[in-house]
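To start, the structure under review is shown below, and the notes come after it.
Basis for what follows: all heavy atoms, side chains included, without hydrogens, waters or symmetry-related copies.
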Amino acid sequence: MSLLQSSVYPPSTLRSSPSLSCTAAHPIASSHRVPSTSNSFVALESSSLKTVNSISSAKNNRRKGVVGKVRSSLETAGATVGQVTEVTKDTFWPIVNAAGDKTVVLDMYTQWCGPCKVIAPKFQQLSEKYLDVVFLKLDCNQENKPLAKELGIRVVPTFKILKHNKIVKEVTGAKYDDLVAAIDTVRAT
């Protein structure tokens, strides 16, 4: 079943189902009945209770004249503030463009690089600390080689810091303190 599907059932066919309860073996599955305009109910099944509650909340807010949340262009492009977003040669520039005035930090790594694996958890922590910065990571594999070449990578890990769609700082190697200093410098400008 997709993230959110609805089906119309006559009231007599709707029964409580342990396989769809929140306490079932699959704890995130849920089922809700919402009255429709006819004598039947619309059963909504979602992968999380939060999704259904958001839909109900949005309907209630519309009735009250409350404007719903508008997604930013950054969210639409696929990046989430507070976490590291994996990019490819196709998704990198759209996300950077959507970031606008925000600082963007790109971790260029490879799967086989030991220092890349060591600094990855620290990079994740930075993304949780600096909520005004967009953190991205690019696997410099064969598929993403054109972008890596365009950005001028020579060693991994390499961190490129961008502002206004331009590279303004670079840190090569797994140098955490240098990376933090570079991020702070760019954020201050």
Side-chain angles (χ1 to χ4, degrees), residues 3-4 27-28 46-51 53-55 57-58 61 66-189:
L3 175 65
L4 180 64
I28 62 170
S46 75
S47 62
S48 78
L49 184 59
K50 184 177 180 183
T51 303
N53 289 341
S54 295
I55 292 168
S57 178
N61 286 342
V66 176
V67 178
K69 178 184 173 190
V70 178
R71 293 179 64 177
S72 72
S73 60
L74 188 58
E75 289 173 321
T76 304
T80 305
V81 174
Q83 69 182 31
V84 179
T85 303
E86 180 83 34
V87 293
T88 66
K89 63 180 173 39
D90 299 322
T91 61
F92 174 72
W93 285 113
I95 290 173
V96 170
N97 290 332
D101 293 339
K102 290 186 177 207
T103 301
V104 177
V105 182
L106 174 66
D107 174 8
M108 302 174 76
Y109 72 99
T110 59
Q111 295 291 326
W112 50 263
C113 168
C116 298
K117 293 176 185 178
V118 169
I119 200 160
K122 294 177 182 178
F123 191 68
Q124 175 63 40
Q125 289 172 349
L126 289 174
S127 73
E128 295 165 4
K129 177 181 176 184
Y130 295 108
L131 298 179
D132 60 331
V133 177
V134 178
F135 287 84
L136 307 174
K137 64 181 182 176
L138 174 72
D139 185 355
C140 295
N141 56 22
Q142 199 62 29
E143 182 181 317
N144 293 320
K145 188 175 181 178
L147 178 59
K149 192 173 183 177
E150 176 187 344
L151 296 173
I153 188 168
R154 295 179 302 258
V155 299
V156 290
T158 294
F159 300 92
K160 302 281 186 172
I161 304 175
L162 298 92
K163 189 90 172 205
H164 305 288
N165 299 340
K166 295 181 180 161
I167 297 170
V168 293
K169 288 260 186 215
E170 177 181 289
V171 176
T172 57
K175 302 171 189 159
Y176 179 77
D177 293 336
D178 292 353
L179 178 59
V180 171
I183 292 170
D184 287 338
T185 301
V186 174
R187 285 178 66 228
T189 59

task = Identify the heavy atoms of Asp107 and Pro157 that sit nearest to each other, and give their distance.
result = OD1-CB, 4.1 Å
remark   = Closest non-hydrogen contact found for Thr88 with Thr91 is N-OG1, 2.8 Å
task = Rounded to the nearest 0.5 Å, what's the gap from CG on Leu138 to OG1 on Thr110? Could you check?
result = 11.0 Å
request  = Give a yes or no on whether the backbone of Leu151 and the side-chain of Lys160 come within a donor-acceptor separation of less than 3.5 Å.
outcome  = yes
request  = Using a 4.5 Å cut-off on heavy atoms from C-beta on, say whether the side chain of Ile95 contacts that of Leu136.
outcome  = yes
request  = Drop me the distance from Phe92's CZ to Asn97's CG, to the nearest 0.5 angstrom.
outcome  = 9.0 Å
ask   = Are Leu179 and Lys122 side-chain neighbours, meaning at least one heavy-atom pair lies under 4.5 Å?
value = no
message = According to salt bridge (Lys or Arg N to Asp or Glu O under 4.0 Å), does anything in residues 126-144 pair up with another residue at least two apart or in another chain? List the pairs.
response = Glu86-Lys137, Asp132-Arg187
key: Min side-chain heavy-atom separation Thr103-Tyr130 under 4.5 Å   = no
ask   = Measuring from Ile161:CD1 to Thr185:OG1, what's the distance to the nearest 0.5 Å?
value = 8.0 Å
request  = Answer yes or no: does atom NZ of Lys163 have more than 12 heavy-atom neighbours from other residues, nucleotides or ligands under 6.0 Å?
outcome  = yes
remark   = Heavy-atom nearest pair, Ala79 first then Thr85, reads CA-OG1, 3.6 Å
key: Side chains of Glu150 and Trp93 in contact at under 4.5 Å (non-hydrogen atoms)   = yes
message = Given 3.5 Å as the limit, does a donor-acceptor pair link the side chain of Asn144 with the main chain of Cys140, or not?
response = no
query = Under 30°, 30 to 60°, or over 60°: which ring-plane class applies to Phe135 and Phe123, parallel, tilted or perpendicular?
reply = perpendicular
request  = Find out whether Val156 and Trp112 are in side-chain contact, i.e. whether some heavy atom of one side chain is under 4.5 Å from a heavy atom of the other.
outcome  = yes
inquiry  = So does Ala148 get a backbone contact from the side chain of Lys89, meaning a donor-acceptor N/O pair under 3.5 Å?
reply    = no
query = Should Phe159 and Ile119 count as side-chain neighbours, where that means a heavy-atom distance under 4.5 Å?
reply = yes
Met108 side, atom CE; Leu147 side, atom CG - distance, nearest 0.5 Å = 6.0 Å
note = To the nearest 0.5 Å, atom CG of Leu131 lies from atom NZ of Lys102 at 8.5 Å
